[in-house]
Amino acid sequence: MELTYQPFELQLKHTFTIAKFSRTSTPVMLLQIKHEGFTGYGEASMVPYMGETYETANAFLSKVDASQFKYPFDFAAIIAYLDSIAPGNTAIKAGIDIALHDLDGKLKQQPCWQLLGSNPATMPVTSFTIGIDTLDIMRQKVLEAANDYKVIKVKLGRDNDKELIQAIRSVTDLPLYVDANQGWTDLEKSLDLTYWLQEQGVLLIEQPMLKTDTDSNAWLTERSPLPIIADEAVQRLADIEKLKGAYHGINIKLMKSAGMYEAHQMLLKARELDMKVMIGCMTETSCAALAGAALAPQCNWADLDGPFLTSNNPFKLPEFVDGKWVLGSESGLGLDVL
C-alpha cells in the first residue's frame, strides 16, 4: 500500500456564517492509497471549529504505517489502529478510511454503496444550506438554489431567527430544515419557537442547545412537535447510547465519525435504539460527498451539499437529479477525477 497526500484550500462561493463564527474557505487534505494498480481517493475536510489543521494532519499522517492496511481490509481493525496512533484527528482518519473504501470497491469491482448495503432507490433528497447573512443575500441564495433543491436548510441560533425564516419564506415555500448550532438558551422560548417553526413548514431542528446540556435538549425533545436532531452532541459510535431519549435522532458526519465504516456502525446503532438518522457533511469536495451519499439511502434525511457550496472543487460534480444524489454502477465511490 502506498499512501500519499497533499493540502488543498477549498474556497466557498459565499462567506459561510453560523451562530458562532464565519469563514470563506476550508483546509482540506486530499489522500490517495495505491495498491495493485488501483488508486483509492480520500478527503479530510478540516473545518476550523473541529481543531484540525494541515499541521495536525501532517503530524498524524507521518505516524501512519500503510503496511497495516492489509487486503482484504478489516475496517474495524484499521480504525482501531488509527485510534491507537492518537485520539481525535477524526477528519484525517476519515480521509484514510474513505480512500480505503474507494480502493476496496475498485479491487472488488463493486460500488461502495453496494458493499455497504444501500439501495439507490431509497435515496433521500439533499438539503441546500443557507448560512446566516444579510436578509437580501439570504433571499438571493435561496433563489439561486430553489430550482435544483427540494429542501432548504437554514442556520439559526441568533436573536433574529424569526426574521430570517420570514425572509426565506418571502421567496420560497420549499420545506425547511433548521440548525440552531447550539444557539438557543431559553427553554420556554425555544419550545414556543418549535411550534412557530412547524407552522412555517420546518421539518426538523438540529442541535438547538449546548451539546453539553443534555437535560435541556431532552426537555425540548420531549415536548417539541418537530424532530430534534443531535449534531455537535454526537461524533462517534460511543456517543450514541447516552443520547437515547435526549434527541429524536442523530446527524452523522464522516469527518466526525472517522469515516465510512464507523458512520455505518453508527447508523445501525441508531436504528437499534429507534432513533432517526441524518447524513450530513462539512464543506467538502465530491470525494467525501460521494462517500456520504453511499450511506444516504439508509438514512431518513440527507444534507450532502458540500460541493455545491464551493467554487474550486477539484473533482467533477457527480450526477444530481431532482434534489438527490444519483448512485451509479462505477466501482468504488464513483469519483470522476478531473
Side-chain angles (χ1 to χ4, degrees), residues 1-8 10 28-46 54 57-58 60-85 89-118 120 254-255 257-265 281 284-297 304 306-307 312-320 325-338:
M1 300 282 171
E2 178 190 351
L3 170 64
T4 59
Y5 47 92
Q6 57 277 340
F8 183 80
L10 191 58
V28 167
M29 192 70 84
L30 300 175
L31 300 92
Q32 297 180 21
I33 299 178
K34 297 182 180 180
H35 181 63
E36 294 185 356
F38 292 95
T39 300
Y41 292 87
E43 172 185 357
S45 174
M46 300 175 290
Y54 293 131
N58 279 311
F60 186 89
L61 288 165
S62 70
K63 300 174 185 176
V64 173
D65 178 6
S67 69
Q68 295 283 331
F69 309 144
K70 301 186 186 302
Y71 191 77
F73 300 128
D74 180 341
F75 285 104
I78 288 169
I79 289 299
Y81 163 66
L82 295 177
D83 283 339
S84 75
I85 295 174
N89 295 277
T90 55
I92 201 65
K93 291 173 184 175
I96 294 170
D97 171 275
I98 291 168
L100 289 171
H101 274 84
D102 187 33
L103 180 59
D104 188 44
K106 289 171 177 173
L107 289 165
K108 292 177 178 174
Q109 298 294 294
Q110 292 184 63
C112 286
W113 59 261
Q114 188 173 39
L115 293 173
L116 290 164
S118 292
L254 302 190
M255 296 302 131
S257 71
M260 299 170 72
Y261 170 76
E262 190 155 324
H264 191 216
Q265 299 306 304
C281 67
E284 299 169 353
T285 75
S286 299
C287 180
L290 277 170
L295 287 165
L304 299 173
N312 63 335
N313 183 0
F315 305 103
K316 184 178 178 181
L317 197 63
E319 193 174 2
F320 191 79
W325 289 93
V326 177
L327 298 176
S329 60
E330 302 92 341
S331 299
L333 293 174
L335 184 67
D336 194 342
V337 181
L338 295 175

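These figures come from a predicted structure and were not determined experimentally. Along the sequence shown, the residues carry numbers beginning at 1.
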So which heavy atom on [X] is nearest to which on [Y], and how close?
X	Y	answer
Ile92	Ala57	CD1-CB, 3.9 Å
Ile96	Ile33	O-CD1, 4.0 Å
Ile79	Ala258	CD1-O, 3.5 Å
Cys287	Phe315	CB-CE1, 3.9 Å
Ala94	Gly259	CB-N, 3.5 Å
Leu304	Trp325	O-NE1, 3.0 Å

About how many Å separate [atom2] of [Y] and [atom1] of [X], when rounded to the nearest 0.5 Å?
X	Y	atom1	atom2	result
Lys316	Thr285	NZ	OG1	15.0 Å
Tyr81	Gln68	OH	CD	5.0 Å
Leu107	Asp102	CG	CG	9.5 Å
Cys112	Lys106	SG	NZ	8.5 Å

Sub-3.5 Å donor-acceptor pair from the side chain of [X] to the main-chain atoms of [Y], do we have one?
X	Y	result
Glu43	Ala288	yes
His101	Asp97	yes
Trp113	Gly328	yes
Thr39	Lys34	no

For this session: Let me see the working for Ile98 and Met260 under side chain to side chain contact (heavy atoms under 4.5 Å, CB included), right down to the final yes or no.
Result: CA-CA 6 Å; Ile98 291 168; Met260 299 170 72; 4.1 Å; yes
Exercise. Taking only residues two or more places apart in sequence, or in another chain, which ones meet Glu330 in a side-chain contact (heavy atoms from CB on, under 4.5 Å)?
Worked result: none
Exercise. side-chain contact (heavy atoms from CB on, under 4.5 Å) with Leu317: which residues, sequence neighbours excluded?
Worked result: Ser286, Pro307, Phe308, Asn313
Run the side-chain donor-acceptor check on residues 331-338: report pairs under 3.5 Å with partners two or more places apart or on a different chain.
none

Can you confirm whether [X] sits close enough to [Y] that some side-chain heavy atom of one is under 4.5 Å from a side-chain heavy atom of the other?
X	Y	value
Asn58	Tyr5	yes
Gln6	Gln32	yes
Pro314	Leu30	yes
Glu262	Thr90	no

Exercise. Listed by chain and number, what are the ring-ring contact (aromatic ring centres under 6.0 Å, His included) partners of Phe73, not counting sequence neighbours?
Worked result: Tyr71, Phe75
Problem set entry | For Lys70, all residues meeting salt bridge (charged side-chain N to carboxylate O under 4.0 Å, His left out), sequence neighbours excluded | none
Exercise. So which pairs with a foot in residues 74-84 pass salt bridge (charged side-chain N to carboxylate O under 4.0 Å, His left out), sequence neighbours left out?
Worked result: Asp83-Lys93, Asp83-Arg236
Exercise. Would Met29 and Leu61 satisfy side chain to side chain contact (heavy atoms under 4.5 Å, CB included), going step by step from the backbone distance to the final call?
Worked result: CA-CA 11 Å; Met29 192 70 84; Leu61 288 165; 4.3 Å; yes
